[in-house]
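Working notes for the structure below.
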Amino acid sequence: MLGLVLLYWIGKYFYKLAETHNKSQWGYAILGVITYYGGIIVCGFIIVLLFELMSPGAIDSVNDSLLGILMLPFGILSCYLLYKYLEKKWQKEYSNPAELIDDIGKPVDDTLNTSTK
């Protein structure tokens, strides 16, 4: 049940971010959930590999619930990193409509010079 609530919040934040920047809301909500599961899978693989390298056969005695709780922060971290990356990327692409309105009617050379300032 806790996992479903976590997936809801991840999807909701990505949905709101995409909505703010006029992107595909459902696509990015699903991308956020996939990123969560991808982070868990990659981290789980690394943890299992480290357990097997340090002590062969020790992973068989580890509780599955404990392993799931251990991977939870890595899934959340992968979502957070993707969220911040998309936020910064889209913030750079954003152009203020008020500034663009001022450029209407200016020659193309003048608009290129004012956008670089």
Side-chain angles (χ1 to χ4, degrees):
M1 184 66 174
L2 179 63
L4 292 176
V5 173
L6 183 62
L7 292 178
Y8 167 76
W9 285 105
I10 290 170
K12 180 180 176 184
Y13 278 103
F14 277 90
Y15 185 92
K16 293 290 184 184
L17 178 68
E19 184 179 42
T20 304
H21 295 284
N22 297 324
K23 304 289 183 183
S24 171
Q25 291 95 2
W26 283 106
Y28 283 100
I30 293 170
L31 178 67
V33 172
I34 290 172
T35 302
Y36 171 75
Y37 280 120
I40 284 179
I41 290 170
V42 169
C43 174
F45 181 74
I46 291 171
I47 288 174
V48 168
L49 186 65
L50 290 176
F51 264 97
E52 286 297 316
L53 288 176
M54 287 187 215
S55 178
I59 197 67
D60 295 333
S61 62
V62 175
N63 187 358
D64 290 338
S65 299
L66 177 66
L67 193 59
I69 292 172
L70 185 63
M71 292 183 297
L72 185 74
F74 294 101
I76 295 171
L77 178 66
S78 64
C79 284
Y80 177 76
L81 292 175
L82 178 65
Y83 183 88
K84 287 299 181 182
Y85 169 75
L86 290 175
E87 188 177 42
K88 284 183 180 181
K89 180 182 172 197
W90 291 343
Q91 196 70 355
K92 287 180 185 177
E93 293 174 358
Y94 177 73
S95 56
N96 189 0
E99 291 177 4
L100 294 177
I101 289 174
D102 293 338
D103 291 338
I104 293 176
K106 289 185 179 179
V108 176
D109 294 334
D110 290 342
T111 58
L112 292 176
N113 291 337
T114 58
S115 65
T116 58
K117 291 182 181 179

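None of the values given here were measured: they were computed from a predicted structure.
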Check your understanding: In terms of heavy-atom contacts, does OH of Y83 have more than 12 from other residues, nucleotides or ligands at under 6.0 Å?
Key -> yes

Point to revise | Candidates I41, I40, I46 - the one meeting side-chain contact (heavy atoms from CB on, under 4.5 Å) with M71 | key: I40

Point to revise | Spatial distance of atom CD1 (I10) from atom CD1 (I34) [nearest 0.5 Å] | key: 12.0 Å

Check your understanding: Can you check whether L6 reaches I76 side chain to side chain, under 4.5 Å on heavy atoms?
Key -> yes

Review point. Does L66 reach the side chain of L70, with side-chain heavy atoms less than 4.5 Å apart?
Key: no

**Study point:** Minimum-distance pair of heavy atoms, taken over all atoms of C79 and G32
**Key:** SG-O, 3.2 Å

Distance-only donor-acceptor pairs under 3.5 Å for side chains of residues 14-29, two or more places apart:
residue : atom : partner : partner atom : Å
T20     : OG1  : K16     : O            : 2.7
S24     : OG   : G27     : N            : 3.4

Check your understanding: So, S78 side chain and T35 main chain: donor-acceptor pair closer than 3.5 Å or not?
Key -> yes

Practice item. Spell out, yes or no, whether Y85 and Y37 are grouped together once hydrophobic residues are joined by side-chain heavy atoms under 4.5 Å, including indirect joins. Key: yes

Study note, to complete from the structure: When rounded to the nearest 0.5 Å, the distance separating CD of E52 from CG of L50 is 10.5 Å

**Study point:** Distance (rounded to the nearest 0.5 Å) between L49 CG and M54 CE
**Key:** 9.5 Å

Check your understanding: Is it true that V33 and V5 fall in one hydrophobic cluster, defined by side-chain heavy atoms closer than 4.5 Å?
Key -> yes

Review point. Atom OH in Y36, atom CG in L77: separation rounded to 0.5 Å?
Key: 12.0 Å

Practice item. Examine V62 and L72 and state if one hydrophobic cluster contains both, with Ile, Leu, Val, Met, Phe, Trp and Tyr joined whenever side-chain heavy atoms are less than 4.5 Å apart. Key: yes

